[in-house]
**Student:** 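Below is a structure I'd like to ask you about.
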Number of protein chains: 2
Amino acid sequence: MDVTSSEFQTLYEAMTTFVNTCMSGHDPSHNPAHVHRVANLANTILQAEQTANPTKPLSAAVVKLAALLHDIGDRKYLPTLASTTSDGTTDIDPKTMVQIALLNAGAPSDLATKVQTVVSHVSYTTECKDPALIRRLIEQDGYPELAIVQDADRLDAIGAIGIGRTFTFLGAQGKKFAKEGEWEMGNCIEHFVEKLERLEGMMKTETGRGMARVRTERLGVFRGWWEEEMGVATASV
Amino acid sequence: MDVTSSEFQTLYEAMTTFVNTCMSGHDPSHNPAHVHRVANLANTILQAEQTANPTKPLSAAVVKLAALLHDIGDRKYLPTLASTTSDGTTDIDPKTMVQIALLNAGAPSDLATKVQTVVSHVSYTTECKDPALIRRLIEQDGYPELAIVQDADRLDAIGAIGIGRTFTFLGAQGKKFAKEGEWEMGNCIEHFVEKLERLEGMMKTETGRGMARVRTERLGVFRGWWEEEMGVATASV
């Protein structure tokens with residue numbers, strides 16, 4: 001589907017409304033503003049990759065729609081979303097939400113299927129479970145767009161924005177995920193080490209890797225500040 | 001009251017239990033870990049100030065108890081606290097909570113009154129309403145300890161820890177304070193400019209001012225990162 005066509009513009013606008021409706025109640029770590037940053041980052045990476053490799057087959061429609069819809073069906077927020085539907089949770093299957101929304105808005109079924117497949121494989125957790133599957137999808141099975149959407153989403157998870165999102169998520173959702181009596185900011189610093197500082201090494205595009213390098217350095221600088229300040233504030237006096 | 005006496009140790013332990021009980025349910029921006037960091041910072045500043053001015057009359061008992069109790073009665077969290085009491089909100093007067101808790105634990109009434117006065121005047125909002133009153137309390141009316149407790153609390157509001165606390169508070173409480181549809185991380189960056197970056201100029205002790213300079217520079221570096229990343233992620237593509 002040609003992204004300059006009026007059909008695509010209409011579809012993209014309908015999906016933007018859908019995303020805003022689904023996510024407007026979410027805390028600022030995963031709200032529509034996050035999605036729109038990722039959509040912009042994905043466009044930036046797409047343009048740079050197309051300029052660097054003009055012959056590489058990349059569907060701009062898949063990149064744009066998958067970036068916009070990448071957090072639809074996110075299990076961390078599904079209960080919130082389900083509780084906002086009139087008929088509860090039973091009608092919500094995170095594996096098909098994106099495809100169904102696209103078909104309902106009149107998208108061609110091959111496009112809807114491809115966008116759903118990209119969205120279903122964006123997450124870090126999914127990649128950690130089966131890294132070879134992600135590589136195969138990108139390099140052999142015809143989903144090179146997945147590399148761009150993953151990189152865009154991961155760029156918004158690191159640097160100053162990633163730091164802000166991690167602490168915002170801790171405040172909004174952390175109590176649910178914390179073990180008894182462990183709802184502390186230190187959980188965020190552990191998250192930097194266990195996940196965020198590893199993302200640079202998992203970037204799939206040259207453009208994304210370059211941007212990730214700068215933002216990962218910022219995570220390290222911030223963590224150095226944190227350790228210095230905590231050292232002063234927890235010294236036994 | 002001599003802080004090395006067993007009476008003070010018993011009183012301090014009782015107040016620590018009281019603080020942990022009142023604040024253990026709070027989000028990590030204002031939980032017992034924050035209070036204990038401020039207590040440590042206040043001790044560090046007290047020791048440095050006493051070394052620099054050995055003749056200056058400073059009550060270590062007032063500094064230690066006011067730092068420990070400085071967030072008791074914080075209006076941002078009072079409803080939460082009230083809802084945890086058996087008889088609702090009516091028995092809670094933030095202006096006397098600290099004094100009553102100290103008296104109930106057997107503190108001398110002059111100490112209880114002095115600690116309550118310091119706690120009641122720690123906040124940035126209180127100082128902005130009447131800066132001259134705060135200066136008079138510290139310089140003329142015999143509350144030099146207020147300068148130390150204010151500086152300790154403000155140090156925990158800036159630097160990497162302050163950045164973490166600001167975003168954590170946004171996630172946990174921000175929806176309540178945000179205007180319609182404005183629950184966004186950008187609110188935190190506005191808070192840096194409107195309040196946090198001004199705290200260095202309001203520090204009262206030499207020790208506190210020196211520590212604040214370093215942490216305020218960190219706020220500025222972080223804000224520079226934020227603006228660069230937001231510029232990329234919100235560029236129209």
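Letters go in sequence order (proteins before strands), and every chain restarts at 1. Basis for what follows: all heavy atoms, side chains included, without hydrogens, waters or symmetry-related copies. Note that this is a predicted model, so its numbers are computed, not measured.
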**Student:** Measure distances from B:Asn31 to the heavy atoms of chain A and classify the residue's part below 4.5 Å as side chain, backbone, both or neither.
**Tutor:**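 Side chain of B:Asn31 only, per the 4.5 Å heavy-atom cut-off to chain A.
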**Student:** How close do A:Asn40 and B:Thr234 get, heavy atom to heavy atom, and via which atoms?
**Tutor:**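 Taking A:Asn40 first and B:Thr234 second, the nearest heavy atoms are ND2-CA, 3.8 Å.
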**Student:** Would you mind telling me which of A:Phe167, A:Trp225, A:Trp226 has the largest number of heavy-atom pairs within less than 4.5 Å of chain B?
**Tutor:**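 Highest number of heavy-atom pairs under 4.5 Å: A:Trp225.
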**Student:** Salt bridge or not between A:Glu229 and B:Arg218? Use side-chain N to carboxylate O under 4.0 Å.
**Tutor:**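 Judged by the 4.0 Å cut-off on N to carboxylate O distance, A:Glu229 and B:Arg218 do form a salt bridge.
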**Student:** With a 4.5 angstrom heavy-atom cut-off, could you sort out which part of B:Arg223 is near chain A: side chain, backbone, both or neither?
**Tutor:**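 B:Arg223 has no heavy atom closer than 4.5 Å to chain A.
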**Student:** Measure distances from B:Met211 to the heavy atoms of chain A and classify the residue's part below 4.5 Å as side chain, backbone, both or neither.
**Tutor:**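 Just its side chain gets close to chain A.
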**Student:** Which answer fits B:Leu46, side chain, backbone, both or neither, if we ask what part of it has an atom under 4.5 Å from a heavy atom of chain A?
**Tutor:**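 Answer is neither: B:Leu46 stays 4.5 Å or more from chain A.
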**Student:** To the nearest 0.5 Å, what is the distance between CH2 on B:Trp183 and OG1 on A:Thr168?
**Tutor:**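 These two atoms lie 9.0 Å from each other.
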**Student:** Output the option from B:Arg165, B:Lys175, B:Arg215, B:His34 having the highest count of non-hydrogen pairs under 4.5 Å with chain A.
**Tutor:**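 Looking at each option in turn, the highest pair count goes to B:Arg215.
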**Student:** Who wins among B:Ile189, B:Asn187, B:Ile161, B:Leu170 for the most heavy-atom pairs under 4.5 Å with chain A?
**Tutor:**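 Ranked by contacts with chain A, first place is B:Ile161.
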**Student:** Quick check on the interface: out of A:Ala172, A:Pro28, A:Cys188, who has the most heavy-atom pairs with chain B under 4.5 Å?
**Tutor:**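 The answer is A:Pro28.
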**Student:** Enter the distance from B:Met185:CE to A:Ile163:CD1 here, rounded to the nearest 0.5 Å.
**Tutor:**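 The distance works out to 11.0 Å.
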